[in-house]
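Read through the structure below, which is laid out as structure tokens, and then see the notes.
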Amino acid sequence: MTAALIGREHPASVLRAELARATASHGGLVLVTGEAGIGKTTLVTGLADEARERGALVLAGTCWESGSAPGYWPWVQVVRALRRAAEPHEWAAADSATLSALLGESPEPGDAFRLHDAVTSALITLSHDRPVVVVLDDLHWADPASLRLLDFAARHTWFERLLLIGTYRDVEVEAPGHPLHQLVLPLVAKATTVTLTGLDPAQVAELMGRTAGTDPGAELAADVHRRTGGNPFFVEQTARLWRSGSPVSAVAPGVADALQRRLSLLPAQVADLLSDVAVLGREFSLHLLAAVAGAPAPQVDHLLGQAVAARLVVALGEGRFAFAHDLVRESRYAGLGAEGAARRHAAVAGSDLVGPAERARHAYLAGALVEPARTVELLLAAARDASARLAIEESIGHLRRALDRAPTVRTRAVVELELGTLLWRVDDKDEAWEHFEGAVAAVRELDDAELLARAGLTLARVDPGGARHELVSGLLLEAHRRLCAGTPTEQLSLDRVTLELTARAAMLARDDEDDHALAFSLWARHDAIWGPGSGAERERLTDELAAVARRTGDRENEYFASSLK
């Protein structure tokens with residue numbers, strides 16, 4: 001760790017002390033903070049290498065800047081790394097159905113506590129055989145659920161040989177009003193915090209000398225220090241420009257200007273390609289980039305080779321690449337402009353090389369270039385996929401974006417019913433009812449009897465016999481009067497009304513070939529008839545539910561239907 005670092009002797013010694021304690025007796029939580037480019041990742045990477053030399057198991061995960069990133073994404077990476085690195089007997093002892101659900105490999109339903117406990121227990125199990133170091137990079141981009149899991153793990157592993165390390169940009173996260181502010185504060189209270197600041201002029205001179213291969217001299221180093229504030233990334237970019245023959249005056253106070261100057265030294269095709277890459281995130285695949293750029297993969301690979309040689313991009317192996325630093329990507333993205341970025345997001349949204357959450361994210365960011373109905377369709381698919389992976393908060397986020405883009409009153413009503421149902425599941429009942437009431441108002445505006453039935457059945461399922469029983473029963477009775485012929489509604493019990501309504505709703509959905517409405521109606525029917533003597537019908541319902549789920553790619557409903565059968 002010492003050879004690669006300049007001006008980080010004290011932070012490095014603090015991390016070594018934490019590692020030594022974790023190796024010998026018990027661990028804890030360390031947070032490494034500082035602005036972008038200050039060297040947080042370099043510092044913890046050095047510690048990770050030293051931990052491996054001491055025989056520790058090192059597991060790492062990196063957060064992603066997208067608001068649509070999969071829930072628990074850094075922890076998914078940690079569990080995957082754990083499975084790869086653990087001995088067969090270690091993984092056998094640590095594995096559980098809940099971990100498989102986190103990875104999207106099983107239908108295990110559960111709540112956040114079970115998931116947090118499963119991940120923490122797996123890490124503790126591994127730490128009994130050897131020390132474990134978990135590194136979570138870029139927590140300023142974490143989803144709230146991932147931070148809650150980190151807090152849970154930190155509270156329950158203090159006396160285990162487990163060291164948790166997180167990095168984040170403190171200037172951003174600790175500012176009041178940041179969405180993660182209230183979640184980071186409890187972590188800071190229980191952590192050893194290492195804050196990195198800029199290098200001093202002598203250290204800038206040393207870093208420039210190492211980067212450019214020649215001594216810049218005290219005067220030039222002092223000028224670079226003044227322009228960059230000692231930020232190591234800014235200094236390195238300036239030194240490389242200086243080595244190529246450009247004056248250090250070409251380095252602007254912000255990194256974007258320095259990077260733009262470097263990019264001007266590259267062929268225009270490479271600069272254009274990096275603009276295409278900018279919408280894909282920090283890491284990306286060659287084949288996806290080729291699809292977005294509309295160019296043959298060998299040509300894209302050749303251009304990427306030039307970007308790698310210029311140290312703007314690094315090769316990760318197996319056809320995957322990453323920007324050398326987030327600021328490289330951010331500067332290219334900022335240069336795209338709204339129209340250029342939207343066009344590239346639309347291209348990714350149309351690719352089948354990315355998962356549901358990614359397609360939905362890019363469709364949303366593409367704005368008007370993707371039809372609103374298609375954007376909502378992708379967001380709903382991403383929400384259902386997230387729900388199947390127990391990432392309920394992620395699913396709620398997709399539904400909020402779908403509501404924002406809903407092109408029709410009917411679509412808005414359907415989305416509000418789904419969003420209200422999920423919010424009810426996470427015990428946010430006040431907001432859930434706001435969306436339920438919004439859905440009911442939309443249904444009234446449409447005067448749609450089928451949608452009226454869906455609204456009534458949804459509310460009856462989430463809050464049977466609750467405080468709004470009069471509203472729910474009124475919806476069910478009105479829908480029954482309009483949809484069901486036969487015995488007058490006023491002569492039937494509410495249970496009988498519900499049974500007849502579910503049967504009628506399912507029949508109408510089949511006639512309309514509306515699989516999503518059919519799935520809802522079948523589940524409502526299944527719940528309504530649950531009890532002795534209903535086994536034969538429920539078996540038929542679960543068969544049809546599984547078939548509908550396979551047609552729509554709804555893994556969660558397919559899992560539940562199969563398990564109930």
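Numbering of residues begins at 1 and proceeds along the displayed sequence.
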Next item on the list: Check Leu379 against Ala360 and note the closest heavy-atom contact, atom names and distance.
Entry: CD2-CB, 3.7 Å

Next item on the list: Please examine the side chains of Leu139 and Val184, heavy atoms only from C-beta on, and report whether any two atoms are closer than 4.5 Å.
Entry: no

Margin query: Treating Thr411 as the side-chain partner and Pro407 as the backbone partner, does any N or O pair qualify as donor plus acceptor under 3.5 Å?
Written below: no

Next item on the list: Decide side-chain contact (heavy atoms from CB on, under 4.5 Å) for Leu288 and Leu280; before the verdict, give the C-alpha distance in whole Å, the side-chain angles of both, and the deciding distance to 0.1 Å.
Entry: CA-CA 9 Å; Leu288 178 57; Leu280 300 180; 4.0 Å; yes

Notebook entry, point to check: Between Ser395 (side chain) and Ala383 (backbone), is there a donor-acceptor pair under 3.5 Å?
Noted result: yes

Checklist line | Flag, side chain of His526 to backbone of Leu522, donor-acceptor distance under 3.5 Å | finding: no

Margin query: Using the rule given for salt bridge (charged side-chain N to carboxylate O under 4.0 Å, His left out), can you reason through Asp447 versus Arg482, listing the C-alpha separation, both sets of side-chain angles and the distance that settles it, and then say yes or no?
Written below: CA-CA 11 Å; Asp447 194 29; Arg482 297 178 62 178; 3.0 Å; yes

Check: Does atom CD of Glu371 have more than 12 heavy-atom neighbours, drawn from other residues, nucleotides or ligands, at distances under 6.0 Å?
Finding: no

Checklist line | Cationic N near anionic O, under 4.0 Å, Arg389 to Glu394 | finding: yes

Item checked: Carboxylate-amine/guanidinium proximity below 4.0 Å for Arg481 and Glu478 -> no

Notebook entry, point to check: Charged N to carboxylate O under 4.0 angstrom, Glu544 versus Arg540?
Noted result: no

Check: At what distance, to the nearest 0.5 angstrom, does CD1 of Ile529 lie from OG1 of Thr502?
Finding: 8.0 Å

Notebook entry, point to check: Please walk me through it: do Leu452 and Arg444 pass side-chain contact (heavy atoms from CB on, under 4.5 Å)?
Noted result: CA-CA 8 Å; Leu452 182 70; Arg444 300 285 191 202; 4.1 Å; yes

Next item on the list: Using modelled atom types only, decide if a donor and an acceptor are shared between the side chain of Asp448 and the backbone of Glu450 within a distance under 3.5 Å.
Entry: yes

Next item on the list: First locate atom CD1 of Ile392, then atom CG of Leu390, and finally report the distance between them rounded to the nearest 0.5 Å.
Entry: 7.0 Å

Check: Strictly under 6.0 Å, is that where the ring centroids of Tyr168 and His140 end up?
Finding: no

Check: If only atom types and distance count, is the side chain of Arg504 paired as donor or acceptor with the main-chain N or O of Leu483 below 3.5 Å?
Finding: yes

Item checked: Check: Val348 main-chain N/O paired with Ser351 side-chain donor or acceptor under 3.5 Å -> no

Margin query: Between Arg148 and Asp143, does any side-chain N to carboxylate O distance fall below 4.0 Å?
Written below: no

Check: Does the side chain of Arg461 come within less than 4.5 Å of Asp527's, by heavy atoms?
Finding: yes

Check: In Å, rounded to the nearest 0.5 Å, how long is the span from CZ of Arg412 to CG of Leu419?
Finding: 10.0 Å

Notebook entry, point to check: Between Glu500 and Arg496, is there a side-chain N and carboxylate O pair less than 4.0 Å apart?
Noted result: yes

Next item on the list: Decide yes or no for Leu423 and Leu399: does some side-chain heavy atom of the first lie under 4.5 Å from some side-chain heavy atom of the second?
Entry: no

Notebook entry, point to check: Taking the six-membered ring for Trp, are Phe321 and Phe284 parallel (under 30°), tilted (30 to 60°) or perpendicular (over 60°)?
Noted result: parallel

Checklist line | Test item: Leu163 and Val132 side chains (from C-beta on) under 4.5 Å apart, heavy atoms | finding: no

Notebook entry, point to check: Between Glu283 and Ala322, what is the shortest heavy-atom contact and its length?
Noted result: CG-CB, 3.8 Å

Checklist line | Taking every non-hydrogen atom, the tightest pair across Val76 and Leu102 | finding: CG2-O, 3.8 Å

Item checked: Donor-acceptor pair, side chain of Ser121 and main chain of Asp117, under 3.5 angstrom -> yes

Notebook entry, point to check: Can you check whether Ala142's main-chain N or O pairs, donor with acceptor, with Ser146's side chain at less than 3.5 Å?
Noted result: no

Checklist line | Nearest atoms (heavy-atom pairs only) where Thr542 meets Glu539 | finding: OG1-O, 2.8 Å

Check: Is there a donor-acceptor contact under 3.5 Å from the side chain of Arg525 to the main chain of Leu499?
Finding: yes

Next item on the list: With the side chain counted from C-beta on, respond yes when Asp428 and Trp433 share a heavy-atom pair under 4.5 Å apart, and no when they do not.
Entry: no

Item checked: Nearest non-hydrogen partners of Arg425 and Ser387, listed with the distance -> NH1-OG, 3.8 Å

Item checked: For Leu353 against His287, the heavy-atom pair lying closest together -> CD1-O, 3.7 Å

Checklist line | Under-4.0 Å salt bridge between Asp138 and Arg169 | finding: no

Margin query: Please determine whether salt bridge (charged side-chain N to carboxylate O under 4.0 Å, His left out) holds for the pair Arg405 and Glu377, giving the CA-CA distance in whole Å, both sets of side-chain angles, and the decisive distance to 0.1 Å.
Written below: CA-CA 10 Å; Arg405 290 292 165 84; Glu377 180 185 348; over 6 Å; no

Checklist line | Residue pair Leu59 / Trp75, side-chain heavy-atom distance below 4.5 Å | finding: no

Next item on the list: Using only heavy-atom distances, determine whether the side chains of Ser285 and Arg320 contain a donor-acceptor pair under 3.5 Å.
Entry: no

Notebook entry, point to check: Are any of the side-chain heavy atoms of Val134 and Ile165 separated by less than 4.5 Å?
Noted result: no

Next item on the list: Report yes or no: do Thr167 and Asp137 form a side-chain donor-acceptor pair below 3.5 Å?
Entry: yes

Next item on the list: Specify whether Phe436 and Trp424 have parallel, tilted or perpendicular ring planes, treating 30° as the upper limit for parallel and 60° as the lower limit for perpendicular.
Entry: tilted

Item checked: Short N-O contact, Asp427 and Lys429, less than 4.0 angstrom -> yes

Next item on the list: Supply the atom-to-atom distance Leu304 CG to Leu289 CG, rounded to the nearest 0.5 angstrom.
Entry: 5.5 Å

Item checked: CG-CZ distance between Leu150 and Arg155, expressed to the nearest 0.5 angstrom -> 11.0 Å

Notebook entry, point to check: So, does Glu160 use its side chain to make a donor-acceptor pair with the main chain of Ser127 at under 3.5 Å?
Noted result: no

Next item on the list: Give the intermediate values and the outcome of side-chain contact (heavy atoms from CB on, under 4.5 Å) for residues Glu90 and Thr125.
Entry: CA-CA 8 Å; Glu90 292 177 318; Thr125 298; over 6 Å; no

Checklist line | Validation row, ring centre His345 to ring centre Tyr333 under 6.0 Å | finding: yes

Notebook entry, point to check: Any side-chain heavy atom of Thr498 sitting closer than 4.5 Å to one from His480?
Noted result: no

Next item on the list: Carefully, step by step, assess Arg384 and Glu418 under the rule side-chain contact (heavy atoms from CB on, under 4.5 Å).
Entry: CA-CA 10 Å; Arg384 291 166 187 140; Glu418 292 202 25; 2.7 Å; yes

Next item on the list: With Arg282 as the cation and Trp64 as the aromatic partner, state whether NZ or CZ is under 6.0 Å from the six-membered ring centre and within 45° of the axis.
Entry: no

Check: Rounded to the nearest 0.5 Å, how far apart are CZ of Arg332 and CG of Asp276?
Finding: 10.0 Å

Notebook entry, point to check: Is the ring centre of Phe520 less than 6.0 Å from the ring centre of His516?
Noted result: no

